[in-house]
Enquirer: 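Provided herewith is a single structure, encoded as structure tokens, for subsequent inquiry.
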Number of protein chains: 2
Amino acid sequence: MTPASPRHSPRTAGAAARPRPKRGGSERDPGRGAAVVTLAQSVTDTLRQAIMEGQFQPNERLQEELLAERLEVSRTPIRAALHGLTAEGLVEYVPNRGYSVRRLDADRLIATFDIRAALEGLGARLAAERGMDEALQAQCRAALHRGDRIFAKGKLISADRDRFAEVNAVLHEAVLQTADNPMLNDMLRVCYNIPIFSDRNVLWRDFGWLRRSHDDHHRIFEAVCRREGARAELLMREHVHSVKLHMREQIEGAAPAGRA
Amino acid sequence: MTPASPRHSPRTAGAAARPRPKRGGSERDPGRGAAVVTLAQSVTDTLRQAIMEGQFQPNERLQEELLAERLEVSRTPIRAALHGLTAEGLVEYVPNRGYSVRRLDADRLIATFDIRAALEGLGARLAAERGMDEALQAQCRAALHRGDRIFAKGKLISADRDRFAEVNAVLHEAVLQTADNPMLNDMLRVCYNIPIFSDRNVLWRDFGWLRRSHDDHHRIFEAVCRREGARAELLMREHVHSVKLHMREQIEGAAPAGRA
DNA sequence: GATCGGTTCATTGTATACAAACATGCCGGA
DNA sequence: TCCGGCATGTTTGTATACAATGAACCGATC
């Protein structure tokens, strides 16, 4: 956990002498180089990842000075980052008392899926109406095929967790990209910003359920390709809804009946 | 446009000697006093209102020092406020070049309504499923009645603009409150954060259309009260969709074929 | 005449100093 | 024993100083 470091470092130069990547010259990093321009951005990325990976406890306080020391920057970019992460829903803020890692109780977590269903449903419909790019279609087909191979084995091995997550990500992002609605993207990102106990860590053991979920992927993709907007929307909504139900079962199965 | 002023003012005391409301004593402001605790918050509110009221031009740059002078605070709370408004979608940010008032082109504006339709539809369904509070139901009925009286005259006068906006706001907020999903609220707020040319300023002349829109309100309310979730969702979606269509007509009617 | 290079200026990004708010612990009183 | 008030320390909020970036301007060269 160390932020990239642009601009301004009148310090002891730091133990590990950070190499100042700055912004790439004109020739390096041709495609999506973008890199990080601002310390605040860099810190935001670092903290987001740390929180998503569970490096902080759920309700843990995030003290500015402490983080500043750990990341070897001043409080200023830390504050900016925390403010931003608050907007992203990862962090909570109480006016004169600072920031803490947000903890969604079970109900709020479940409620998230209602929003995802509505928004991803909309995304699927828009994608179907606009029509998906040939290149993207090819990517989707490849991803679907990779998914099929996971299930062809007839059982799951531990490496399949990441594989399925990847397939899932490719497909959903292809739909979103085709929908071409930046605001929709931003809002869904907030829904995804849920550390650990998100999809990836709970649901990947139930072979039968997972296979049905992948069947959904096939049908959604088909509907999008056929430009069947209403059908794509319905399928996507049902797809997400089934995740919600499955997750609720898992949660209620694991924790007796309280907030996790 | 002047922010409330808590804490810390080692300045010339300001021309108008701000009276330091601080946080209300224990007895004053009994109910929802909350007031503003932080300069940054206060500045955020001030700027949000100013932008929404059109006090800044669409694409206008928002220079930190300038605003700081105008609001008689330092750049620090200004920066925090701008950062926050960026998350709310009112302001745009480019890393080393600062903030500017966001301008939605016609397409993006229209696209907003797709999201509103999906989210408000969800809200209506959740409200129907949860059931609306008696007190809220009464408020809604009163609002519906106020709306009816607007149309009973058979024509619109200019004061009806604000009246209808108020009725509309009460009803939609009642639904959202009943839906009881904070994330849904936040996301819809982003959709509403569109200066001027939002509903209120364009559509309020067409008597027939407006009356149909208010009929929708009646039916949506009825569906929610009867706990008919699916119907409430469909009606709300159609309701918002009709706003989208009407707005598109208005825009295309007004501006020939460019970005407004 | 247009383009490239460097210089200057305006504006943003970061660090830091200081003031106010919250939290804690102590003490006295009921 | 329990409660309320005061002193203390810690942490946040704001102001400000300074560094670095981007834009504008200008002159020189092709």
Side-chain angles (χ1 to χ4, degrees), chain A residues 3-14 18 20-26 34-46 60-86 91-100, chain B residues 3-14 18 20-26 34-46 60-86 91-100:
Chain A
S5 68
R7 199 195 245 181
H8 210 251
S9 39
R11 273 170 181 280
T12 55
R18 296 170 279 163
R20 319 187 101 235
K22 282 193 170 175
R23 60 187 60 206
S26 39
V36 176
V37 189
T38 281
L39 253 190
Q41 292 181 317
S42 159
V43 170
T44 304
D45 293 342
T46 307
E60 182 174 346
R61 273 194 68 191
L62 296 170
Q63 295 196 62
E64 300 169 4
E65 197 139 15
L66 223 86
L67 293 174
E69 239 172 81
R70 243 172 99 175
L71 300 189
E72 303 187 340
V73 297
S74 82
R75 278 175 57 212
T76 309
I78 298 283
R79 289 192 119 243
L82 290 173
H83 191 146
L85 292 174
T86 304
V91 156
E92 273 179 350
Y93 170 67
V94 182
N96 271 301
R97 312 197 16 206
Y99 298 86
S100 56
Chain B
S5 69
R7 199 196 244 181
H8 211 254
S9 39
R11 274 170 180 281
T12 54
R18 296 170 278 162
R20 317 187 102 235
K22 281 193 170 173
R23 59 187 60 206
S26 37
V36 176
V37 189
T38 282
L39 254 189
Q41 293 181 316
S42 159
V43 170
T44 304
D45 293 341
T46 307
E60 181 173 347
R61 275 194 67 192
L62 296 170
Q63 297 195 67
E64 300 170 4
E65 197 139 16
L66 224 83
L67 294 173
E69 238 172 84
R70 241 171 101 174
L71 300 189
E72 303 187 335
V73 297
S74 82
R75 278 175 57 212
T76 309
I78 299 282
R79 290 193 117 240
L82 289 172
H83 192 148
L85 293 173
T86 304
V91 156
E92 274 179 349
Y93 170 68
V94 182
N96 272 302
R97 309 186 32 197
Y99 298 86
S100 56

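On a predicted model such as this, the values are computed, not experimentally measured, just so you know. Quick note on labels: first sequence line is chain A, next is B, and so on, each numbered from 1.
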Enquirer: Step through the shown structure and confirm whether more than 12 heavy atoms of other residues, nucleotides or ligands are within 6.0 Å of CD on B/E60.
Expert: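 Yes, because the 6.0 Å sphere around CD of B/E60 holds more than 12 heavy atoms from other groups.
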Enquirer: What's the CZ-P distance between A/R75 and C/dT14, to the nearest Å?
Expert: 15 Å
Enquirer: Given atom CD of B/E72 and atom P of D/dT14, what is their separation to the nearest angstrom?
Expert: 16 Å
Enquirer: Can you tell me how far the CG atom of A/L71 sits from the CD1 atom of A/I78, to the nearest 0.5 Å?
Expert: 4.5 Å
Enquirer: Determine the contact category for A/A40: base if any of its heavy atoms lies under 4.0 Å from a base atom, sugar-phosphate if only primed atoms, P, OP1 or OP2 are that close, otherwise nothing.
Expert: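 Touches sugar-phosphate only.
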Enquirer: Once you round to the nearest 0.5 Å, how far does CZ of A/R61 lie from CD of A/E92?
Expert: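 That separation rounds to 13.5 Å.
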Enquirer: It should be established whether A/T76 places a side-chain nitrogen or oxygen under 4.0 Å from OP1 or OP2 of nucleotide C/dT14.
Expert: no
Enquirer: Quick one: A/L62 CG to D/dT12 P, roughly how many Å, whole number?
Expert: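 Taking CG of A/L62 and P of D/dT12, I get 10 Å after rounding.
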Enquirer: Between atom CZ of A/R75 and atom CG of A/L82, what is the distance when rounded to the nearest 0.5 Å?
Expert: 10.5 Å
Enquirer: Between D/dT14, C/dA15, D/dC18, spot the one nearest the side chain of B/T38, thanks.
Expert: D/dT14
Enquirer: What's the shortest heavy-atom distance between B/E64 and B/Y99, and which atoms?
Expert: OE2-CE1, 4.0 Å
Enquirer: Would the distance check show the side chain of A/S74 and the main-chain N or O of A/T76 forming a donor-acceptor pair, the cut-off being under 3.5 Å?
Expert: yes
Enquirer: Categorize A/Y99 for me: base, sugar-phosphate, or nothing, with a 4.0 angstrom heavy-atom threshold over every strand shown.
Expert: nothing
Enquirer: Enumerate the protein-to-nucleotides 8-11 of chain C contacts in which both atoms are nitrogen or oxygen and the separation is below 3.5 Å.
Expert:
from: C/dT11; atom 1: OP1; to: B/Q63; atom 2: OE1; distance (Å): 2.7
from: C/dT11; atom 1: OP1; to: B/Q63; atom 2: NE2; distance (Å): 3.3
from: C/dT11; atom 1: O5'; to: B/Q63; atom 2: OE1; distance (Å): 3.0
from: C/dT11; atom 1: O3'; to: B/R61; atom 2: NH2; distance (Å): 3.2

Enquirer: Choose from C/dT16, C/dT14, D/dA15 the nucleotide whose nearest atom is closest to any side-chain atom of B/L39.
Expert: D/dA15
